[in-house]
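Structure first, then comments.
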Amino acid sequence: QVQFVESGGGLVQPGGSLRLSCVASGGIFSTYAMGWYRQAPGKQRVWIATITNSGSTNYPDSVKGRCTISRDNAKKTVYLQMNNLNSEDTAVYYCNRLQSARPPLIPVNSWGQGTQVTVSS
């Protein structure tokens, strides 16, 4: 069973930036499509970024142009660079392996604990 540990969250002012990390343990990470999700208070978890095993990326309109997903297969790590943050980005952020990089974007493994991002002045 592959497990994921997210980190890099914190308190940031509006307009600021953060880089989140997600380290995988177990499995053959380099073959996985990976995704980032977030869950705001009182809301469902939603998808915000995908990266294929070959490095192709995709984002919903809500974060396109502000977020960049990347990966380092040697470190079994996927990253999420977030810029120009606003209060609507406040959420717990999670990563997961995807069944496929094409919709529907179905997470494969159990969710980790996530990392909290709070955008506030």
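Bear in mind that the values here come from a model prediction, so they are computed numbers and not experimental data.
In terms of modelled atom types and a separation under 3.5 Å, the side chain of R71 and the main chain of T52 share a donor-acceptor contact.
L98 and M34 sit in two unconnected hydrophobic clusters of ILVMFWY residues. Membership requires side-chain heavy atoms under 4.5 Å apart, directly or through other members. Under the 4.5 Å side-chain heavy-atom criterion for ILVMFWY residues, no single connected hydrophobic cluster contains both V92 and V78. Under a hydrophobic-cluster definition in which Ile, Leu, Val, Met, Phe, Trp and Tyr are linked whenever side-chain heavy atoms come within less than 4.5 Å, directly or via other members, Y37 and V2 are assigned to different clusters. Under a hydrophobic clustering in which Ile, Leu, Val, Met, Phe, Trp and Tyr are joined whenever their side-chain heavy atoms come within less than 4.5 Å, directly or via other members, V119 and Y94 fall into different clusters.
Among residues two or more places apart in sequence or in another chain, the side-chain contact (heavy atoms from CB on, under 4.5 Å) test is passed with Q1 by N109, S110. A search for side-chain contact (heavy atoms from CB on, under 4.5 Å) contacts involving V23 returns T77, not counting sequence neighbours.
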- Task: Would you please test Y79 and I51 for side-chain contact (heavy atoms from CB on, under 4.5 Å) and show each step?
- Result: CA-CA 10 Å; Y79 303 98; I51 187 166; over 6 Å; no
- Message: Determine whether S17 and V12 satisfy the following criterion, side-chain contact (heavy atoms from CB on, under 4.5 Å), listing intermediate values before the conclusion.
- Response: CA-CA 7 Å; S17 299; V12 61; over 6 Å; no
- Task: In sequence, state the C-alpha distance, the side-chain angles, and the governing distance for Q116 and T90, and then conclude on side-chain contact (heavy atoms from CB on, under 4.5 Å).
- Result: CA-CA 8 Å; Q116 174 72 48; T90 294; 4.1 Å; yes
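Nearest heavy atoms, A101 versus T50: CB-CG2, 3.9 Å. Counting all heavy atoms, side chain and backbone alike, N96 lies closest to F4 at OD1-CE1, 3.6 Å. When every heavy atom of P60 is checked against every heavy atom of I48, the shortest pair comes out as CD-O, 3.1 Å.
Remark: Q113 CD is loosely packed, at most 12 non-hydrogen atoms of other residues, nucleotides or ligands lying under 6.0 Å away. Under a cut-off of 6.0 angstrom, the local environment of NZ in K75 is sparse, with at most 12 non-hydrogen atoms contributed by other residues, nucleotides or ligands. Other residues, nucleotides and ligands place more than 12 heavy atoms under 6.0 Å from the CD1 atom of I106.
Put simply, the residue from W111, W36, Y93 that forms a side-chain contact (heavy atoms from CB on, under 4.5 Å) with E6 is W36.
With a 6.0 Å cutoff to the six-membered ring centre and a 45° limit on the axis angle, R66 does not count as a cation-pi contact of Y59.
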